[in-house]
Protein chains: 2
Amino acid sequence: MGRPGLNRTDVIAAAADLADELGFDAVTVSVLARRLGVRSPTLYSHISSGTDLRTAVTAYVLDELADATTQATAAGEGRDLLVAYANAIRDFARRSPGRYDATTRQRVPPVPAGESRPDSVDEAITAGRRNADLALAVVRSYGVTEADETYAVRLMSSLIHGYITLELAGSFAHSEPASEVTWPDVLDDLDRTLGRMALGRGH
Amino acid sequence: MGRPGLNRTDVIAAAADLADELGFDAVTVSVLARRLGVRSPTLYSHISSGTDLRTAVTAYVLDELADATTQATAAGEGRDLLVAYANAIRDFARRSPGRYDATTRQRVPPVPAGESRPDSVDEAITAGRRNADLALAVVRSYGVTEADETYAVRLMSSLIHGYITLELAGSFAHSEPASEVTWPDVLDDLDRTLGRMALGRGH
DNA sequence: CTAGGTTTCCTACAACTCGTAGGCAACTCG
DNA sequence: CGAGTTGCCTACGAGTTGTAGGAAACCTAG
């Protein structure tokens, strides 16, 4: 079956590690090739372009994130589930800031006229949906009514994502108390709001 | 006083417009030079590097944002102030997505050993503080106790920033109701939470 | 109105990155 | 062992970043 060596998954995984070490912007063909001890043209047998590489990293990392949150939220419901879910995402982001960046820094590119979307884009969309479904499961566990589900997911996702983003950007580093200390309070308020919505008092 | 032409502010302002039209990643020396009808080396009389250019855009835009929110929140307090403040930020982000990106996509770079920070970094930090002070004014208007001020700012900023970021990324585009519809609900919940904190029931 | 000084802008160039083309070598399977 | 497949390479063109040094345009002083 031919000479063994790198395969596409190896390349994408190495790119994800590179993002964590040097930032998502450092994920380029040339830097990755050096890191893998290979000449850059070699990588083009595994990826179709630098953009494709970064999109593939996004898809790969979204799957990792979904795996991590799925595992963390296997048991529990209501508040326990919320806390496990949110902590899983935040732990992931702190442990792997470059990977977390990858989940947000990619927009859905405008489809080139006449051409079809590259596979990596579809994979990223699919992996994104996995994560969205997990968020939905959390709010459903609160008993939020179907009419409010979407809103609840948006509120929860916005707050968690916003806090993590600002925390990683260092926005919370110059005031007391430590970011670590206020995080449980965020979860408290979120729990209270979701609980209130579940009681059907409208949002 | 020498030949008139571009000055640094012209260059930065054009770069901000470029960010809105083609995305923050398109803010590079060569693209900007073409857009200004000038050869790329010319720009190096106004900026010291491509990185410096992007940092300067961040500082410039953070000041614009602070100007916009300051104006929008001149009168009012409590809920009215919150709504005016949050809408000013969101309107800014929707009108100028590339500019808004610039406010978040820049990290504080590690200071190169022995070297001093470029001016643009200090300017960005100062402009960032202006925005932080505005947020503080909003939560103070609710009568949040001093011990809770920092937490309240973080909660509010996280939610507003998170919602706007996900909205701009298109995360809310594939479910009903429209993003426009759930935004006032976000402000309602935020108002309720801030009001609760002001009553001193702890957070 | 001319001379100086200042500032803008240019061409030329080195180093690097992206991506393509085409070829050699190593491995697997019959 | 032979054939096919696969991974990696060198060579190259185009484009970007940033530096060096010089020419042209403008303002102000005498």
Side-chain angles (χ1 to χ4, degrees), chain A residues 1-19 21-58 98 102 105-106 109 112 115-121, chain B residues 1-19 21-58 98 102 105-106 109 112 115-121:
Chain A
M1 280 274 279
R3 182 179 175 181
L6 295 173
N7 59 29
R8 179 172 167 104
T9 304
D10 292 336
V11 171
I12 305 303
D17 291 341
L18 178 60
E21 289 173 44
L22 300 181
F24 189 66
D25 287 327
V27 177
T28 65
V29 177
S30 58
V31 173
L32 183 59
R34 259 195 300 282
R35 150 109 23 159
L36 288 171
V38 145
R39 305 289 175 170
S40 20
T42 299
L43 294 185
Y44 288 92
S45 358
H46 303 295
I47 62 178
S48 64
S49 72
T51 300
D52 174 57
L53 168 65
R54 286 177 286 276
T55 304
V57 169
T58 297
R105 289 273 289 277
Q106 293 290 94
E115 298 174 24
S116 71
R117 267 198 307 246
D119 286 351
S120 52
V121 173
Chain B
M1 282 274 278
R3 177 178 179 183
L6 295 174
N7 60 26
R8 181 173 164 100
T9 305
D10 293 336
V11 171
I12 306 303
D17 291 341
L18 178 60
E21 289 172 45
L22 300 180
F24 188 66
D25 287 327
V27 178
T28 65
V29 177
S30 59
V31 172
L32 183 58
R34 259 195 300 279
R35 149 111 22 161
L36 289 171
V38 146
R39 305 288 176 172
S40 16
T42 299
L43 294 185
Y44 286 93
S45 355
H46 304 294
I47 62 177
S48 65
S49 71
T51 301
D52 175 57
L53 168 65
R54 285 177 285 276
T55 304
V57 169
T58 297
R105 290 273 290 274
Q106 293 290 90
E115 299 174 24
S116 71
R117 266 197 307 244
D119 286 350
S120 52
V121 173

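Per chain, numbering begins at 1; letters A, B, ... match sequence-line order. What you see below is based on every heavy atom in this structure, not just the backbone, and it leaves out hydrogens, waters and symmetry mates.
If you check every strand for non-hydrogen atoms under 4.0 Å, B:V31 touches nothing. Note on A:S40: nothing from the nucleic acid sits closer than 4.0 angstrom, heavy atoms only.
Counting only heavy atoms from C-beta outward, the side chains of A:T28 and A:R54 approach each other to under 4.5 Å. A:D10 is not listed as a side-chain neighbour of A:L36, based on a closest heavy-atom distance of 4.5 Å or more. B:R39 is not listed as a side-chain neighbour of B:R34, based on a closest heavy-atom distance of 4.5 Å or more.
A salt bridge links B:R105 to B:D25: one of the charged nitrogens lies within less than 4.0 Å of a carboxylate oxygen. A salt bridge between A:D52 and A:R8 is present, with a side-chain N of the basic residue lying under 4.0 Å from a carboxylate O of the acidic one.
If you take CG of B:L53 and C1' of D:dT16, they are 14 Å apart, rounded to a whole angstrom. Atom CG in A:L36 sits about 9 Å away from atom P in D:dC8, given to the nearest Å. Rounding to whole angstrom units, CG of residue A:D52 and P of C:dT20 are separated by 11 Å. A straight line from CZ of A:R34 to P of D:dC9 spans 14 Å, rounded to a whole angstrom. Across the protein-nucleic acid pair, A:N7 atom CG and C:dC27 atom P stand 17 Å apart, rounded to whole Å. Separating the NE2 atom of A:H46 from the C1' atom of D:dC9 is a distance of 13 Å, rounded to the nearest angstrom. Note: CG (A:L43) to C1' (C:dA21) measures 17 Å, nearest angstrom. Atom OH in A:Y44 sits about 14 Å away from atom C1' in D:dC12, given to the nearest Å.
The phosphate of C:dC9 (OP1 or OP2) has no side-chain N or O of B:T42 nearer than 4.0 angstrom. Put simply, B:S45 has no side-chain N or O that comes within less than 4.0 Å of OP1 or OP2 on C:dT7. Phosphate contact (OP1/OP2 of C:dC18, side-chain N/O of A:T28, threshold under 4.0 Å): present.
Of the candidate nucleotides D:dA20, D:dT16, C:dT17, D:dT16 has the atom nearest to the side chain of B:S30. Listed nucleotides C:dG19, D:dC9, C:dC10 differ in distance to A:R39; the shortest reach to its side chain belongs to D:dC9.
Base pairing of C:dG30: its partner is D:dC1, meeting the Watson-Crick or G-U wobble criterion (both donor-acceptor distances under 3.5 Å).
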